[in-house]
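Just so you know, residue 1 is the first one in the sequence shown, and it goes up from there. Since the structure is predicted, the reported quantities are computational estimates derived from the model, not experimental observations.
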Amino acid sequence: MIKNSIIARLSGLAILISMTACNNSQNIFLQEWDTPYGTAPFSQISIKDYMPAFKAGIEEEKANIQAILDNPEAPTFENTILAMDQGSPILDKVVGVFFNLSESDSTPEMQAIEEEVIPMLSEVENEVYMNEALFARVKAVYDASDALTREQQMLTKKVYQSFERNGVGLEGEAKESFAQINTRLASLSQKFGQNLLAANNAFKEATGITVSEYYDFMSSCEDRAKREEVFKAYSSRCNGGEFDNNGIVLEILKLRAQKAELLGYPNFAAFQLSDKMAQTPETVDNFLQPIMDACMRKAAVQKADMAKLAGHAIEPWDWGFYAEKLRIQRYALDENQTKPYFQADSVLKGVFTAAERIYGISIEEAPEVEVYNPDAKAYKLTDAGGSLIGIFYKDYYVRPTKRGGAWMNNFREAETGVRPIIVNVCNFPAPGTDPTDAQPSLLTIDNVTTAFHEFGHALHGFFTKVNYRSISGTAVARDFVEMFSQFNENFAFVPEILADYANDYRTGEPIPAELVAKIASARKFNQCFEAGETCAASILDMKWHELSSEQLDAFGGADDIRAFEEKVCKEMGLVDEIIPRYRTSYFNHIFNSGYSAGYYSYLWSEVLAVDAWEKFEEDGIFNKATADAFRKTFLEKGGSEEPMTLYLSFRGAFPDPSALMRARGLE
């Protein structure tokens, strides 16, 4: 998942700041960082530094905007658009550090700062994007953008649309209401995330496993009663009790609908999709339902096979367990066989090896770069000629201060003369700490896929050659960005790549060819469940955001939320034994991570990724010309061109939707 932290949620607030003088010389964020590659000096950062730095940055932004407005010259790209895009050594630094750490290494003190600072940042965003005089300057550049370079046109268009989508055209009470909605939504999203982190920790205390271990546990636990207990605890997180998110969810949905309606859209989904590849909710709905139908046809057959194997009816807490039994029976593949070959450090080596072989780059550990947690490590990426590509942090292991899931994020965005600093955060099992019997971190096949997925995002960020941060790297349409992470997953199980990294941690023996063949054969198994739960979550996301504010006003609380979710699942055809990958109360992607009316993008982007991978298979996986074309056409371009224009340039044809069905064995 591409996170982009608060930058994504605040629509690029941090890019609107210029340097001014600051008073507090002791605050590390108000100083130049004399560190390797300009990386953060984490040990020098005090919790007391954050709020003064945020406040100083906000004042700088206001001064910067005023300077643009006071410029007597006619609006140009340089004195208006570029002036807005150039970052601040204060807010850029504090946003990059604080919101990355609040996701991966949070503390109660940081959560308290979040509660205070997010409304402040949201209010400043409102002031910027609702400033009619500033918009007039932006519009003047936009109206005359034919004379600009294509990259400048795309940045100007993005800035122009940001004003339109943030209510600059509203007047009076409507404008005031829009601003209040934005501020309230920012606070609600932050509270949703804090509740989920607390609920995830409570889940571990109650069950003895972490949220990230859930699927592995459900496929391996012999105790059916224990599986039922864990399933019910997992699927009811934040749905009642101390960390209940239902009230927050309902308020978020209502405010989003009101926001969209103020801008003239019938619902929030229509608003969200208007600047995406899909364009309309109807397009997404028509894309998702055939996938769901195909998954459920396969699910009915697999359910019957599992019931026969089990000797009883299959319940939701049985699916993973008997799917694994069936996989072992059909493919003689047991993940206990594969895990010894997928030790976390070895998998990271594989992730790096694939990038080095495909793109001709070098990756080496950078011990001179300070990290924010002992679990993290830093690496330096260089191109064939030795030039710096960027700095990479790896933070793989689960801990109580880290929210669930996996994501890529930037500590520093790329722009002219500045290379990015990027992190991949995962929640893989932590290695044992007993020195006499230290168990390494052994990964499931899904974990391995995740590691390659997140580094695909990182490569998209690293390879960018765009000059302006707001359209560099992963700053592309949400339903395009996942293409590159999903594309990179394919390298995980290429035999030549496996041979470089998949060795038994106990003996050093390479993974046997017959086990590689079993993995390849079994990868399409249980896709009715894996694609089905993802598709179900995507449809649930869409149906929530296709409701109008009037329809949402009829919801009274948690019971109505649960009833709506049940109704949507029934109408989409989801079998009772499968639930959406994320239920409403813990659907962090759509309530706290920028994927609202956008979770479908994983499947949408997968079509692009699979279709592109078929090109690699046609030409040869290690074909240098194909890899160079992929890098230059996609990974270097960021958001400097329309997504489909880039795709047609690489593939020579529109993507084939049936490619997803073929790849997952759902034909």
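Without hydrogens or angle criteria, Asn182 side chain to Glu123 main chain gives no donor-acceptor distance under 3.5 Å. Checked by atom type and distance alone, the side chain of Ser122 never pairs as donor or acceptor with a backbone atom of Pro119 at under 3.5 Å. For the pair Arg403 (side chain) and Asn200 (backbone), a donor-acceptor distance under 3.5 Å is absent. Remark: side-chain polar atoms of Asn588 are not paired, donor with acceptor, to backbone N or O of Leu196 under 3.5 angstrom. The main-chain N or O of Ala597 is never found under 3.5 Å from a side-chain atom of Gln272 such that the two would form a donor-acceptor pair. Here the side chain of Ser212 pairs a donor or acceptor atom with the backbone of Asn427 at under 3.5 angstrom. At least one donor-acceptor pair closer than 3.5 Å links the side chain of Ser485 to the backbone N or O of Glu482. In this structure, Ser601 contributes its side chain and Asp479 its backbone to no donor-acceptor pair below 3.5 Å. Checked by atom type and distance alone, the side chain of Ser640 pairs as donor or acceptor with a backbone atom of Lys637 at under 3.5 Å. Within the 3.5 Å criterion, the main-chain N or O of Gly461 finds no donor-acceptor partner in the side chain of Asn410.
Each of Asp85, Leu155, Thr464 was scored for a side-chain contact (heavy atoms from CB on, under 4.5 Å) with Ile471, with one residue passing: Leu155.
Using a 4.0 Å cut-off between charged side-chain N and carboxylate O, Arg581 and Glu533 make a salt bridge. The pair Glu546-Lys543 meets the salt-bridge criterion, since a charged nitrogen lies less than 4.0 angstrom from a carboxylate oxygen. A salt bridge is absent between Glu566 and Arg562; no separation between the charged side-chain nitrogens and carboxylate oxygens falls under 4.0 Å. The residues Glu251 and Arg184 are annotated as salt-bridged, a charged nitrogen and a carboxylate oxygen being separated by less than 4.0 angstrom. Here Lys157 pairs with Glu642 in a salt bridge; the nearest charged N to carboxylate O distance falls below 4.0 Å. Under a 4.0 Å N-O distance rule, the pair Lys191/Glu115 does not qualify as a salt bridge. Between Arg583 and Glu565 there is a salt bridge, since at least one side-chain N of the basic residue sits less than 4.0 Å from a carboxylate O of the acidic one.
Closest heavy-atom contact between Leu170 and Leu262: CD2-O, 3.2 Å. Between Met644 and Pro655, the shortest heavy-atom distance links the atoms SD-CD, 3.9 Å. The heavy-atom pair separating Met296 from Leu574 by the smallest distance is SD-CA, 3.9 Å. Counting all heavy atoms, side chain and backbone alike, Gln111 lies closest to Ser106 at CG-OG, 3.5 Å. Annotation for Gly404 and Trp407: closest pair O-CZ3, 3.6 Å, computed over non-hydrogen atoms. The shortest non-hydrogen separation linking Gln302 to Cys528 is OE1-SG, 3.3 Å.
Relative orientation of the Phe484 and His460 rings is tilted, given thresholds of 30° and 60° on the angle between their planes. The aromatic rings of Phe163 and Phe135 sit tilted, their planes meeting at an angle between 30° and 60°. Below 30°, between 30° and 60°, or above 60°: for His589 and Tyr582 the angle between ring planes is between 30° and 60°, a tilted geometry.
Contacts of Tyr586 classified as ring-ring contact (aromatic ring centres under 6.0 Å, His included), with partners at least two apart in sequence or in another chain: Tyr234. Listed by chain and residue number, Arg651 satisfy the salt bridge (charged side-chain N to carboxylate O under 4.0 Å, His left out) test with Asp611 (two or more places apart in sequence, or in another chain).
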Under the criterion side-chain hydrogen bond (donor to acceptor under 3.5 Å, both in side chains), I'd like the reasoning laid out for Gln486 against Glu489: C-alpha separation, chi angles, the key distance, then a yes or no. CA-CA 5 Å; Gln486 292 175 321; Glu489 292 175 13; 5.2 Å; no
May I have the step-by-step check of ring pair (Phe, Tyr, Trp, His ring centres under 6.0 Å) for Phe587 and Phe192, ending in yes or no? CA-CA 9 Å; Phe587 206 158; Phe192 180 99; 9.0 Å; no
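Leu185 CG to Ile252 CD1: the interatomic distance, rounded to the nearest 0.5 Å, is 6.5 Å. We find the CH2-CE distance between Trp317 and Met218 to be 9.0 Å, quoted to the nearest 0.5 Å. Annotation: the span from Thr80 atom OG1 to Lys139 atom NZ amounts to 14.0 Å, rounded to 0.5 Å.
Aromatic pair Phe487/Phe634: centroids not less than 6.0 angstrom apart. Separation of the Phe555 and Phe564 ring centroids falls under the 6.0 Å cut-off. Ring centers of Phe54 and Phe98: under 6.0 Å apart, within the cut-off. Annotation: Tyr602 is in aromatic contact with Tyr599 [ring centroid separation under 6.0 Å]. Ring-centre distance between Phe480 and Trp604: not below the 6.0 Å cut-off.
Residues Lys62 and Val128 form no side-chain contact, since every pair of their non-hydrogen atoms from C-beta on lies 4.5 Å or further apart. Considering only heavy atoms from C-beta on, Glu577 stays 4.5 Å or farther from Asp318 through its side chain. At a threshold of 4.5 Å between non-hydrogen side-chain atoms, the residues Ile248 and Phe591 do not count as touching. His453 is not listed as a side-chain neighbour of Asn488, based on a closest heavy-atom distance of 4.5 Å or more. In this structure, the side chains of Arg478 and Met277 stay at 4.5 Å or more apart for every pair of heavy atoms.
Counted within 6.0 Å of CD on Gln279, heavy atoms from surrounding residues, nucleotides or ligands total more than 12; the atom is thus considered enclosed. Other residues, nucleotides and ligands contribute more than 12 heavy atoms inside 6.0 Å of the NZ atom of Lys158. Residue-environment remark: NZ (Lys175) exceeds the threshold of 12 foreign heavy atoms within 6.0 Å. Within 6.0 Å of CD in Glu667 there are more than 12 heavy atoms belonging to other residues, nucleotides or ligands.
Between Asn239 and Asp244, the side chains place no donor N or O within less than 3.5 Å of an acceptor N or O (distance only, hydrogens not considered). For Ser145 and Gln153, the side-chain atoms include no donor-acceptor pair closer than 3.5 Å. When only modelled atom types and interatomic distance are considered, Asp293 and Gln289 share a side-chain donor-acceptor pair under 3.5 Å.
For the pair Arg237 and Phe243, the cation-pi criterion (under 6.0 Å, within 45° of the ring axis) is not fulfilled.
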